[in-house]
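Nothing here was measured: the structure is a model prediction, and the numbers come from that model. Every heavy atom of this structure was used, including side-chain atoms; hydrogens, water molecules and symmetry mates were not.
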Amino acid sequence: MENRIGTGFDVHAFSGGRKLILGGVHVPFGKGLAGHSDADVLVHALMDAMLGAAALGDIGKAFPDSDDRFKDISSLKLLERVKVMIAEAGYSLVNADMTVICQRPKLAPYIDEMRKNIAGVLGVDCDRISVKATTTEKLGFTGRGEGIAAEAVCLLAKQS
């Protein structure tokens, strides 16, 4: 069996007048994230990890921000498309581990729902999806409250 590891990293700045969506969950907060789609930084990092593991490029290649079809689209819908791309390349997700990096808002109450959303889209058990949150102890752009970063790692297995 062939296994492949992929990593992903994404950053979005805060922006007024938008909802904050993380892992497909609307997190009540005074501002959302700037971006062409719903700017779900967590799902974006995961998609990049999955695409990278299968050597299929990145989300900018798959879903360019110059394409109006992706304007304000739910990142979970894009994740569905990535799942299909991965399957067409002969792979399936074994597991994924993700970390959201932000000072605020506190995300602990929403993490289980994020995991369920992502697992549901990918058609895997929830115990294969890990989501964690951390701060940077008020250091850097996330610590100053300018935006949110996320990183992801995943393992894909070649289907026989």
Atom CG in L79, atom CG in D40: separation rounded to 0.5 Å?
-> 9.0 Å
If we only count heavy atoms from C-beta on, is the D10 to D48 side-chain gap below 4.5 Å?
-> no
Would you find a donor on one side and an acceptor on the other, under 3.5 Å apart, between the side chain of S75 and the backbone of L78?
-> no
Do the charged groups of D112 and R115 touch, with an N to O distance under 4.0 Å?
-> yes
Looking only at non-hydrogen atoms, find the nearest pair between F141 and A149 and report the distance.
-> CZ-CB, 4.1 Å
Does some side-chain heavy atom of F29 sit less than 4.5 Å from a side-chain heavy atom of K19?
-> no
Side-chain heavy atoms of Y91 within contact of E2, under 4.5 Å = yes
Could you tell me whether the side chain of I86 reaches within less than 4.5 Å of the side chain of L56, counting heavy atoms only?
-> yes
Between D65 (side chain) and H36 (backbone), is there a donor-acceptor pair under 3.5 Å?
-> no
Shared hydrophobic cluster, V11 / L46 (ILVMFWY, side-chain heavy atoms < 4.5 Å) = no
So, for G143 and T136, which heavy atoms are closest and what is the spacing to 0.1 Å?
-> N-OG1, 3.3 Å
From D38 CG over to I73 CD1, what is the distance, rounded to the nearest 0.5 angstrom?
-> 8.5 Å
Are any of the side-chain nitrogens in D72 or R18 under 4.0 Å away from the carboxylate oxygens of its partner?
-> yes
To the nearest 0.5 angstrom, please state how far the CD atom of E137 sits from the CD atom of Q103.
-> 6.5 Å
What's the spacing between D58 CG and F63 CZ if we round to 0.5 Å?
-> 10.5 Å
Can you tell if the side chain of I148 reaches within under 4.5 Å of the side chain of F14, non-hydrogen atoms only?
-> yes
Does some side-chain heavy atom of V25 sit less than 4.5 Å from a side-chain heavy atom of I111?
-> no
Hey, does M50 have a side-chain heavy atom less than 4.5 Å from the side chain of L122?
-> yes
Give a yes or no on whether the backbone of R128 and the side-chain of D125 come within a donor-acceptor separation of less than 3.5 Å.
-> no
Min side-chain heavy-atom separation Y110-P105 under 4.5 Å | no
For V153, does its backbone N or O pair with a side-chain atom of D97 as donor and acceptor, under 3.5 Å?
-> no
